[in-house]
Amino acid sequence: MSQKVTAPTETARREHAVAWWALPVDEVTTRLAVDPVRGLTELEAERRLGASGPNAIAEEAPEPVWKQFLKHYRDYMQIVLVVAAIVSLLIGEWGTAVGLALLTLFNAWLGYHQEGKAHAAAAALGAMLEAVAKVRRDGSILEIPATEIVPGDIVLVDAGDRVPADGRVIVAATLQVEEGALTGESVAVEKTTEPLGTTDVAIGDRTCMAFMNTNVTRGHGEILVTTTGMGSEVGHIAHLLAGQKVEKTPLTKQVDRLTVFIIGAALFAFIAILIMGLAQGESFTVLFGIGVALAVGSIPDALPAVVTTILSVGSVNMAKKNAIMKVLPAVETLGSTSAINSDKTGTLTLNQMTVREFTTVAHHYTVSGEGYSFDGQVQRTTGEAEADLDYVFFPCALCDDADIQDGAVVGDPTEGALYVLAQKGGIDVRQFRLNHPRIAAVPFDSDYKFMATFHTMPGADGQPVVRAYVKGAPDVVLDRSSRARMPGGVSVELTAEMREKVLAENERIASQGRRVLAFAQREFDPATFDPSADLMELMQDLEMAALVGEVDPPRAEAMRAIAEARQAGIRVRMITGDHAVTAAAIAGELGIEGRAITGAEFAALDDEQAAKQVDEIGVIARVAPEHKVRLVEVLKRNGHIVAMTGDGVNDAPAIGAADIGIAMGITGTDVAKGAAKMILTDDNFATIVAAVEEGRSVYDNLQKFLRIQIANLFMFVLAFLGSSAFQIAGTALLIPSQVLWIHMAVVAPLGAVMGLDIASPGIMRRKPRPFNQAIIVRSMMVRLFVDGLFMAAATLVLVQIGKTTYNSLEVGQTMALVGLSLMNIFLALNLRFPEDSAFGSATLSNPKLLWAFAWAFVGAMLITQMRVLQDLFHTTPLDGRQWAIVLVPGVVLLLLGELYKVILRLRRAHDRRTTSDPTAA
């Protein structure tokens with residue numbers, strides 16, 4: 001079981017500072033004081049365990065539940081609600097005080113409930129080590145918990161094992177390790193015992209090292225453990241995760257700034273009312289009550305709840321599109337994203353090696369189909385018709401240790417692709433292997449870079465032969481070949497010209513970012529063939545057969561998604577552990593723009609150079625985790641909202657550093673998921689684009705909610721100030737209960753329903769908004785001020801009509817109350833789509849909004865006609881003429897808004913024409 005540790009030990013730090021990959025094996029064993037034949041003694045292992053600590057990842061103590069709950073009271077609006085509740089108690093508004101208190105509790109509970117576990121990433125890292133390992137101690141092979149491994153232990157690994165700690169490879173028998181979760185590289189790495197001789201080597205190129213949490217796909221190896229726990233590369237990633245600060249999302253920052261503005265406006269109105277009222281000789285107690293009612297009515301106290309509700313609905317909608325949001329504000333953040341840094345393997349590509357083409361001496365063929373599915377065809381593109389391709393498909397089936405089970409590869413992915421090619425060529429691989437068993441083999445070794453298997457097969461004359469099928473690096477196989485396989489089974493001498501063609505074809509295929517393998521064969525007389533002889537001596541005078549090009553293919557849906565992202569103004573970059581040539585080729589297929597550089601080249605750029613050049617970069621290859629984090633930081637400093645996708649342990653730090661971290665739900669490691677704010681349940685990059693649209697819709701709807709709230713804020717402030725300044729009704733323009741009616745019964749329902757509205761037209765054709773852009777931009781704020789000014793003036797006129805025409809302040813207040821209810825209906829129609837006419841079909845697209853309009857009208861009737869409501873809100877019934885009068889301001893407001901929209905659309909059209917044709921100006 002994994003154990004908890006609080007910090008990396010000094011021993012771990014010293015060991016991690018040594019470049020073990022640059023040292024020969026004997027020097028490594030000397031430094032670690034271990035006999036590789038016998039291993040450590042139990043006593044020494046126990047001593048080292050006490051010194052270095054358990055082979056576990058540090059976990060921080062979780063924050064107490066009460067702290068997690070109370071930190072949601074740090075939000076500005078929560079503070080305002082608490083203050084408003086206290087003031088309401090002081091002035092005897094018990095119902096308001098209780099309602100506000102319950103609202104703060106609901107806001108805090110909702111935020112706490114939606115918040116992910118603070119240390120999920122570190123916990124997931126620790127869980128990875130709940131395993132046992134085979135070690136050599138006192139000359140014996142033992143199985144011990146992985147947490148008890150210490151520096152100096154000799155760990156034995158075979159195909160299918162997980163490497164339990166970082167270490168130097170001291171024995172490698174065809175050892176291959178899949179390091180994609182750590183490095184992002186899609187192809188298993190061949191491990192050797194040879195030192196690299198230099199300390200400046202990227203993780204993915206340290207071929208004599210094995211790393212914690214990577215998987216052995218082939219062969220046998222012995223690893224001398226050099227670093228454990230927090231000293232390992234996985235531990236280094238844990239350090240990066242632990243060092244990251246949790247920043248407020250762009251939405252939270254914008255809402256905070258707007259909240260400060262609203263509070264300031266309400267406070268200004270409160271103080272102004274007090275000063276003017278006292279100057280006019282009114283009672284301080286009355287003024288204080290009216291001022292508090294005005295302030296509470298002006299502040300959108302439901303803002304936290306409405307924001308949470310809007311985000312929650314958006315989160316549910318995203319979940320239906322296979323995007324699970326762990327942090328609610330990230331719903332909107334994704335909609336604001338302007339840069340997506342995507343891991344290549346398994347995200348933009350299938351993470352399934354696929355043969356795309358193969359070339360024989362006289363022909364070239366393309367292969368359709370993707371991944372480990374057997375659907376696909378082999379089609380000739382050059383050369384005359386060739387009926388028999390068995391000399392290509394047979395070695396794919398027989399010189400191959402992989403298997404395909406339920407659409408997944410068991411073994412090396414490169415060999416899995418060859419298995420699929422044989423199936424597409426019409427061979428039942430499993431049955432074919434049973435019919436032609438392997439009688440001898442030369443296993444693959446990184447020293448000679450090829451593999452050979454021997455089988456009894458029928459020869460050209462029908463008599464049995466022992467045929468060797470050889471698969472390996474093209475240059476190696478070509479050097480060992482003297483003949484070439486021609487159509488019809490003809491074998492000819494491999495001329496110098498043919499060799500040049502083979503090398504040129506190898507270069508062509510490799511330049512497309514594809515892994516190239518060569519096939520050859522040779523036949524032997526069964527009577528003289530000795531399986532126990534030195535088979536390496538027979539690996540000469542081979543007959544060259546074919547070159548095969550493999551690639552981890554891009555997802556077709558990812559190509560479309562990248563094109564859609566580009567239309568939406570979002571820049572996609574590929575981040576990968578693969579080589580730059582391979583990555584650049586895949587990026588070209590996907591439509592990712594920009595040049596390809598390596599992580600080392602990116603790290604060599606200083607901050608100023610990186611900031612200037614980052615827009616030119618489309619691919620960063622051979623990356624380490626810190627390179628990914630730096631890219632995120634550079635883009636954020638350049639003003640971008642950054643999303644980072646990935647599935648491996650190596651992606652987790654950058655996922656955590658990004659504004660919106662996205663992990664793959666199927667192939668993603670627990671560490672990546674723990675660091676992420678969003679998880680794709682279908683591992684489909686295209687899902688991100690659908691989620692972006694939903695995120696933009698969420699932000700759009702939040703703006704709709706805030707528009708109607710702020711317009712009413714201006715209306716209340718200006719109306720009360722105008723009443724006192726022009727001595728229309730003094731501070732008694734509206735009584736506190738009437739203010740709260742407009743605020744709670746009219747504005748709040750309209751705003752809430754608008755917050756759950758459909759998206760504005762063309763939302764995915766807009767550019768992402770700048771990260772520092774206010775949630776309500778200056779031009780819109782001016783427009784809302786004008787709307788508020790008009791509504792305030794209309795309110796004052798209606799009160800004045802009541803006072804002068806009907807000789808009753810109560811009639812005037814009632815007319816103002818009803819007029820405000822109706823004006824808010826027309827205001828909502830105006831502000832819902834700021835540039836599109838309210839007379840379009842979209843007006844009827846949201847039935848809930850129509851019901852909210854109906855309620856505002858019916859509520860205005862009820863408050864004037866029902867006796868109990870008349871007594872509560874001090875209203876009086878209105879006659880038909882009075883209803884006609886209160887309807888006029890709303891209609892005028894609507895018509896003025898439509899006129900403004902027409903002018904706005906004409907101006908936009910003129911600007912577009914001027915941009916496309918400067919002479920038109």
Side-chain angles (χ1 to χ4, degrees), residues 88 91-100 102-103 286 289-290 292-294 296-298 300-302 708-709 712 715-716 719-720 723 729 731-754 791 794-803 805-829 847-891 893:
S88 298
I91 64 173
E93 293 285 343
W94 303 103
T96 301
V98 172
L100 293 175
L102 292 176
L103 187 57
V286 173
I290 293 175
V292 170
L294 169 61
V296 172
S298 301
D301 45 33
I708 194 169
Q709 296 282 344
N712 275 276
M715 179 274 297
F716 275 122
F720 273 86
S723 178
T731 54
L733 177 68
L734 296 172
I735 63 174
S737 60
Q738 293 171 342
V739 171
L740 293 177
W741 169 267
I742 295 297
H743 176 65
M744 301 298 293
V746 178
V747 177
L750 285 174
V753 174
M754 286 180 71
M791 294 169 68
T795 301
L796 295 176
V797 169
L798 291 174
V799 172
Q800 185 67 15
I801 290 173
K803 285 179 60 180
T805 304
Y806 299 101
N807 298 314
S808 170
L809 176 62
E810 188 175 46
V811 171
Q813 289 176 327
T814 303
M815 292 178 67
L817 199 61
V818 174
L820 281 174
S821 298
L822 299 180
M823 277 189 281
N824 268 290
I825 296 175
F826 296 112
L827 177 71
L829 286 171
K848 292 180 181 178
L849 187 58
L850 299 180
W851 281 110
F853 290 159
W855 158 248
F857 182 78
V858 172
M861 294 183 64
L862 293 176
I863 203 172
T864 59
Q865 300 299 320
M866 291 185 65
R867 185 53 184 260
V868 63
L869 294 180
Q870 291 174 359
D871 293 340
L872 184 60
F873 293 100
H874 298 275
T875 59
T876 185
L878 301 180
D879 58 29
R881 185 167 180 271
Q882 292 167 336
W883 271 95
I885 293 173
V886 299
L887 183 62
V888 170
V891 174
L893 180 64

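Everything quoted here is computed from the prediction, not taken from an experiment.
- Within the 4.5 Å cutoff, side-chain heavy atoms of Leu733 are placed close to those of Leu796.
- Side-chain contact between Pro877 and Gln870: present, with at least one pair of heavy atoms (C-beta onward) separated by less than 4.5 Å.
- The shortest distance between side-chain heavy atoms of Thr795 and Phe720 does not fall below 4.5 Å.
- Using a distance-only test at 3.5 Å, with no hydrogens or angles considered, no donor-acceptor pair links the side chain of Ser723 to the main chain of Ala719.
- Put simply, the side chain of Trp855 never gets that close to the backbone of Leu750: no donor and acceptor are under 3.5 Å apart.
- The line from CG of Leu878 to OG1 of Thr814 is 6.0 Å long, rounded to the nearest 0.5 Å.
- Put simply, the side chain of Val746 does not reach to within 4.5 Å of the side chain of Leu820, judged on heavy atoms.
- Counting heavy atoms from C-beta outward, Leu849 and Met754 have side chains that approach closer than 4.5 Å.
- Trp851 places none of its side-chain heavy atoms less than 4.5 Å from the side chain of Val753.
- In this structure, Leu734 CG and Trp741 CH2 are separated by 14.0 Å, a value rounded to the nearest 0.5 Å.
- Rounding to the nearest 0.5 Å places CG of Asp871 at 8.0 Å from NE2 of His874.
- In this structure, Leu893 and Leu827 have side chains that are in contact, with non-hydrogen atoms separated by less than 4.5 Å.
- Ala794 approaches Pro889 most closely through the heavy-atom pair CB-CB, 3.8 Å.
- Without hydrogens or angle criteria, Gln813 side chain to Glu810 main chain gives no donor-acceptor distance under 3.5 Å.
- A donor-acceptor distance shorter than 3.5 angstrom exists from the side chain of Asp879 to the backbone of Gln882, with no hydrogens or angles considered.
- Side chain of Thr864 to main chain of Met861: a donor-acceptor pair is present (N/O by atom type, distance under 3.5 Å, no hydrogens or angles).
- When each of Val799, Leu798, Thr805, Thr876 is paired with Met815, the side-chain contact (heavy atoms from CB on, under 4.5 Å) condition holds for Leu798 and for no other.
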